[in-house]
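Have a look at the structure below before the remarks.
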Amino acid sequence: MQGYNHHEIEKKWQDMWEHERAHETPDHHPSKENKFILTEFCYPSGNLHVGHWYAFGVTDIYARYQHMRGYNVLFPVGFDSFGLPAENAAIKNGGDPRTWTYANIEKMRGQLRSIGARFDWSREIITSDPEYYRWTQWMFAEFFKKGIAYRGSAMVNWDPVDKTVIANEQVLPDGTSERSGALVERKEMSQWMLRITDYADQLDDDLESLDWPEDIKASQRAWIGRSKGAEIDFIVTAASGVHPITIFTTRPDTLYGVTYVVLAPEHPLVETLLEHVTNNQEVRAYQESVRSRSDLERQQSKEKTGVPLVGIYAQNPINGIQIPVWIADYVLPDYGTGAVMAVPAHDERDFAFAQKYELSIQMVIDSPIEAVPYTEHGTLIHSDEFSGMHSQEAQDAMVAKAGGKRTTTYRIRDWGMSRQRYWGCPIPIVYDPEGVPHAIPAEHLPWTLPDDVDHTPDGTAPLARSRELHERTERIFGAGWTPEVETMDTFVDSSWYFYRYLDAHNQETFCASDAMHAWMPADMYMGGAEHTTMHVLYSRFFNKALHALGHVPHPEPYTVRRNRGLILGTDGNKMSKSKGNVIDPDEQVHYVGADSVRMYLAFLGPFGVTHNYPWDTNGLVGMRRFIEKVWRLSEKIQPSDNLAPLVHTTIRDITHDMERFKFNTALSKMMILVNAAEKEGGIARHHFEILVQLLAPFAPHAAEELWRGLLDHDSSVHNEAWPLYDETLMATEEYMLPVQINGKVRAQITVPTTITEEEVLALARQHETLAQWTDGKDIKKVIFVQGKILNIVI
RNA sequence: GCCGAGAUGGUGGAAUAGGUAGACACGAGGGACUUAAAAUCCCUUGCUAGCAAUGGCGUGCGGGUUCGAUUCCCGCUCUCGGCACCA
């Protein structure tokens with residue numbers, strides 16, 4: 001046998017697997033249970049980076065392991081291929097986004113093949129293919145018909161660099177765009193929205209049932225921001241009539257402590273009340289000053305400002321007291337009702353405001369620590385018949401007495417999903433001559449993206465400039481009809497892609513019911529932490545909306561989700577061209593081979609946790625050395641060895657590790673086995689075969705070469721059953737027992753596995769080192785845990 | 001500020017139904033082989049005292065429970081992630 005030549009071996013087996021169609025996965029297998037292992041698909045940037053290797057290569061270890069465990073494993077791959085980078089590249093280099101995108105896909109297919117993953121390429125999907133986006137459009141049309149998609153006017157986030165609207169989820173905490181990095185502007189605009197808020201309760205409630213890490217659940221809950229409270233009307237009686245101010249509060253138990261009411265400066269009622277106030281000018285000036293401040297300024301300065309509506313009083317419905325009405329910038333126009341009841345004694349913001357403007361403060365919760373404001377729940381005081389009750393028990397009755405109602409509000413806003421750009425899925429809507437939108441009927445889908453467009457962004461939708469699109473619209477729908485010219489956010493494309501993997505070539509429907517029942521929900525979804533409040537939330541919403549309309553059978557798309565971390569540069573910083581610390585995986589693969597790169601990434605640390613690991617080229621070389629060690633061991637196959645106990649405990653331990661994504665410790669246990677075999681001077685064939693099987697998910701090419709080449713098997717190691725351990729072969733006759741004196745290890749003694757407490761104590765007394773400690777002392781207590789520890793307390 | 005996750009050698013990390021802290025790997029030091037280098041093999045490698053045998057200390061910090069705590073409990077510090085004038 002030749003030495004380990006990764007170039008030859010990896011090419012040979014990749015070709016062979018393709019030739020054998022080894023990775024094509026049927027929807028149903030006569031004897032195997034299905035397992036759908038999903039990892040986020042990639043954007044065709046034109047270059048596979050180390051992060052892709054981590055995402056696909058290490059997840060493939062798990063997929064291959066499950067395949068050997070006897071599951072019918074689907075591990076698909078595809079491209080999320082609409083999006084701005086294609087347009088930007090086309091603008092920069094000439095050409096058009098489609099050509100750029102498909103050339104990149106072609107290149108990346110080759111790079112993805114070099115990973116040696118068991119991708120089922122027969123199910124490949126590309127979201128910019130008309131055969132794919134036809135179904136994205138079909139879903140949108142369904143949503144439109146059922147009112148889940150609607151045209152609405154809202155405050156939107158405008159990205160001045162990409163010249164398009166982006167969703168709330170796509171604005172980073174510092175107010176910049178997730179894609180372009182530009183400072184986002186807010187403007188009022190009409191656009192297409194998806195009613196994710198209708199599903200806010202379900203999206204929150206159903207988190208409970210999912211096997212997801214707590215941090216992902218917590219982030220989604222915070223993003224949804226469900227808050228249970230009550231809406232209560234405070235009545236303003238003016239010459240023009242009676243004007244209720246509806247406030248939202250989570251603390252109706254503090255109603256007796258309300259000393260003023262605050263409206264957001266933008267609140268529509270302010271306009272109505274303005275004619276009755278005596279400081280008209282001041283109010284208008286304040287509104288103007290608030291309007292001119294950017295969101296960022298409003299966020300940064302926590303100094304609260306406001307002006308009173310002089311002459312206006314609102315009546316507290318619980319006790320009939322008339323209180324002043326203010327407008328202030330600390331009340332947000334688009335949360336709750338845009339109006340609050342202020343309880344300075346029990347709310348920090350109201351307290352700060354009341355202090356600044358010398359408004360009265362009324363304690364209504366008994367504070368055990370004499371703190372003002374005291375914001376905890378507690379016993380009510382100065383609250384008529386409610387005094388003496390606890391906050392929680394009083395709330396319902398107080399809401400009832402005040403004539404309010406229990407409500408829930410949410411932080412999450414509807415998903416603004418139309419984009420004023422070219423390279424995206426056309427929104428399947430046409431407008432009749434009166435301007436009323438209609439969904440394009442299914443027989444006209446896919447509603448293709450026109451080619452005759454100058455896609456340079458200027459802030460208006462490029463599709464408006466397509467003659468072909470307008471002619472097509474009039475030809476099909478009649479004179480005077482016009483097409484929708486906005487395209488969809490690419491997060492729409494990726495919100496349902498996993499269904500298409502299951503039935504990638506179906507011409508009748510996006511996915512046949514049988515395929516959905518066969519595979520969904522996905523058994524594992526591996527992805528990046530940055531998608532927690534974007535893709536993961538959107539796709540759950542899509543699934544729920546489709547479920548509500550009867551199009552998919554399950555309420556959740558994936559029951560197990562794990563986020564992985566990032567691979568950092570060797571300097572510990574995030575890889576970036578500007579820092580010059582980018583590792584090119586192609587180069588690494590050329591140098592040490594795909595198997596070494598896969599194993600190195602698996603060995604860095606536990607997978608499926610959000611933890612970042614710096615790249616270490618020396619560590620990679622160490623992995624290559626391990627494969628070579630296995631290679632050398634293959635030349636020392638001998639008739640028998642003494643490795644049975646170790647081999648079988650290794651199988652047991654590695655199997656346990658694989659189930660928990662602890663590929664790092666699984667590998668270390670293989671190394672221990674190989675080191676032991678080396679020390680032994682060789683290894684028996686049947687043990688070496690087990691080693692190759694354990695190695696197969698990690699180093700699929702090398703293991704295949706050893707299995708089919710050296711060990712001369714007819715079929716692939718990847719179709720072998722995962723090895724089982726035999727307890728009877730694990731047993732040893734004696735073991736090393738650590739002996740503690742007063743809880744500190746002082747010696748180790750070799751004892752038979754069947755030893756009793758008296759026998760072990762007798763052995764310990766004879767032991768030289770231990771005798772130093774025990775001689776002449778009373779033994780107060782002896783703790784003996786068979787197989788673990790002997791502790792002598794003196 | 002609130003919510004979530006975490007903190008272990010020079011580095012990545014290992015060990016949690018409480019039972020030898022530092023597996024495995026990298027790096028470092030020493031040695032063998034070699035004309036030399038690479039590759040490979042052997043030894044050492046938490047800190048500290050000692051020639052050694054052996055001892056003291058040690059898992060972010062301070063307490064507690066226990067024969068025994070990286071693991072459990074209480075109180076802090078710091079790091080990362082999310083939310084944040086959300087009523």
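Below, chain A is the first sequence line, B the second, and so on; all start at residue 1. What's counted below: heavy atoms across the whole structure, side chains too, no hydrogens, waters or symmetry copies. These numbers were taken from a predicted model, which means no experiment stands behind them.
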Phosphate oxygens OP1/OP2 of B/C26: is one of them under 4.0 Å from a side-chain N or O of A/Arg625?
yes

Do A/Trp326 and A/Tyr357 make the cut of ring centroids closer than 6.0 angstrom?
yes

Measure the distance from CD on A/Glu628 to P on B/A25 and round it to the nearest whole Å.
15 Å

Protein-nucleotide distance (A/Arg562, atom CZ; B/A5, atom C1'), rounded to Å
14 Å

For A/Arg765, look at atom CZ and say whether over 12 heavy atoms of other residues, nucleotides or ligands are found less than 6.0 Å away.
no

Which nucleotide wins on minimum distance to the side chain of A/Ile789, given the candidates B/A87, B/U20, B/G4?
B/U20

With C1' as the reference atom in both, quote the distance from B/A49 to B/G58 in angstrom, rounded to an integer.
15 Å

Among the nucleotides B/C24, B/C67, B/C83, whichever has the atom closest to the side chain of A/Arg411 is B/C83

Taking the inter-plane angle between the rings of A/Tyr613 and A/Tyr54 on a 0 to 90° scale, is it parallel (under 30°), tilted (30 to 60°) or perpendicular (over 60°)?
perpendicular

Side-chain N,O (A/Arg632) to OP1/OP2 (B/C41) below 4.0 Å:
yes

Between B/G13 and A/Asn664, is there an OP1 or OP2 to side-chain N/O distance shorter than 4.0 Å?
no

Could you check which of B/C67, B/G27, B/C24 has an atom nearest any side-chain atom of A/Asn618?
B/G27

Quickly work out the A/Tyr335 OH to B/C83 C1' distance and round it to whole Å.
12 Å

Nearest to the A/Phe603 side chain among B/G55, B/C83, B/A25, which nucleotide is it?
B/A25

Less than 4.0 Å between a side-chain N and a carboxylate O, is that true for A/Arg624 and A/Asp595?
no

Ionic contact status for A/Lys669 with A/Asp657, cut-off 4.0 Å
yes

For the C1' atoms, the ones on B/G46 and on B/A14, what distance do you get once it is rounded to whole angstrom?
15 Å

Separation of the C1' atoms in B/G9 and B/A28, to the nearest angstrom
13 Å

For atom P, what is the distance between B/U71 and B/U20, given to the nearest Å?
13 Å

Given the options A/Tyr330, A/Phe353, A/Tyr286, A/Thr305 meets side-chain contact (heavy atoms from CB on, under 4.5 Å) only with A/Tyr286

B/A17 versus B/G31 - spacing of their P atoms, nearest Å:
44 Å

Starting at atom CG of A/Leu601, determine the distance to atom P of B/C26, rounded to an integer number of angstrom.
16 Å

With rounding to whole Å, what would you report as the distance between B/U54 and B/U59 at their P atoms?
24 Å

Taking B/A87, B/C83, B/C24 as options, the one with an atom nearest any side-chain atom of A/Phe248 is B/A87

Roughly, in whole Å, what's the span from CD1 in A/Ile567 to P in B/G12?
14 Å

Counting only side-chain heavy atoms from C-beta out, which of B/U20, B/A5, B/C24 sits nearest to A/Glu214?
B/A5

If the cut-off is 4.0 Å, is A/Lys744 near the phosphate of B/U20, judged by side-chain N/O to OP1 or OP2?
no

Would you mind reading off the distance between A/Asp215 atom CG and B/U79 atom C1', rounded to a whole angstrom?
15 Å

Considering every strand and a 4.0 Å limit on heavy-atom distances, what is the contact class for A/Pro213: base, sugar-phosphate, or nothing?
nothing

The nucleotide from B/A87, B/A14, B/C85 with an atom nearest the side chain of A/Tyr330 is B/C85

Shortest side-chain distance from A/Lys662, nucleotide among B/U20, B/A14, B/G82:
B/A14

Using the C1' atoms only, state how far B/C26 lies from B/C33, rounded to an integer number of Å.
24 Å

Roughly how many Å apart are B/G6 and B/G60, using the P atom of each and rounding to a whole number?
13 Å

When you measure from the side-chain N and O atoms of A/His611 to the phosphate of B/G13, is any distance below 4.0 Å, counting only OP1 and OP2?
yes

Reckon A/Lys781 has a side-chain N or O less than 4.0 Å from the OP1 or OP2 of B/C67?
yes

Whole angstrom value for the distance that separates C1' of B/A5 from CG of A/Asn612:
13 Å

Mark yes or no: A/Arg411 above the aromatic ring of A/Trp223, with NZ or CZ under 6.0 Å from the six-membered ring centre and no more than 45 degrees from the axis.
yes

Under 4.0 Å from OP1 or OP2 of B/A5: is there any side-chain N or O of A/Lys217 that close?
no

Under-4.0 Å salt bridge between A/Asp653 and A/Lys662:
no

Considering heavy-atom distances to RNA chain B, does A/Lys629 or A/Gly622 have its closest nucleotide positioned more toward the 5' end?
A/Gly622

Just N and O in the side chain of A/Asn563: are any of them under 4.0 Å from OP1 or OP2 of B/A5?
no

Between A/Thr533 and A/Gln740, just flag the one whose closest nucleotide in RNA chain B comes earlier from the 5' side.
A/Gln740

Its glycosidic angle compared against 90° from 0, B/G27 adopts the form anti

Kindly confirm or rule out a cation-pi arrangement of A/Arg561 over A/Tyr525, judged by NZ or CZ under 6.0 Å from the six-membered ring centre and within 45° of its axis?
yes

With a cut-off of less than 4.0 Å, is there a side-chain N or O of A/Ser227 near OP1 or OP2 of B/A87?
yes

What is the distance from CG of A/Asn742 to P of B/G68, rounded to the nearest Å?
8 Å

Counting only side-chain heavy atoms from C-beta out, which of B/G4, B/A87, B/A23 sits nearest to A/Thr665?
B/A23

Any stem touching RNA chain B, meaning at least three consecutive Watson-Crick or G-U pairs under 3.5 Å, ordered by first number, would be B:1-7 with B:77-83, B:10-12 with B:24-26, B:27-32 with B:40-45, B:46-49 with B:54-57, B:60-64 with B:72-76

Which residue, A/Ile651, A/Val647, A/Leu633, forms the side-chain contact (heavy atoms from CB on, under 4.5 Å) with A/Leu691?
A/Leu633

Test log, rule salt bridge (Lys or Arg N to Asp or Glu O under 4.0 Å), inputs A/Lys636 and A/Glu680:
CA-CA 10 Å; A/Lys636 295 187 212 154; A/Glu680 181 100 349; over 6 Å; no

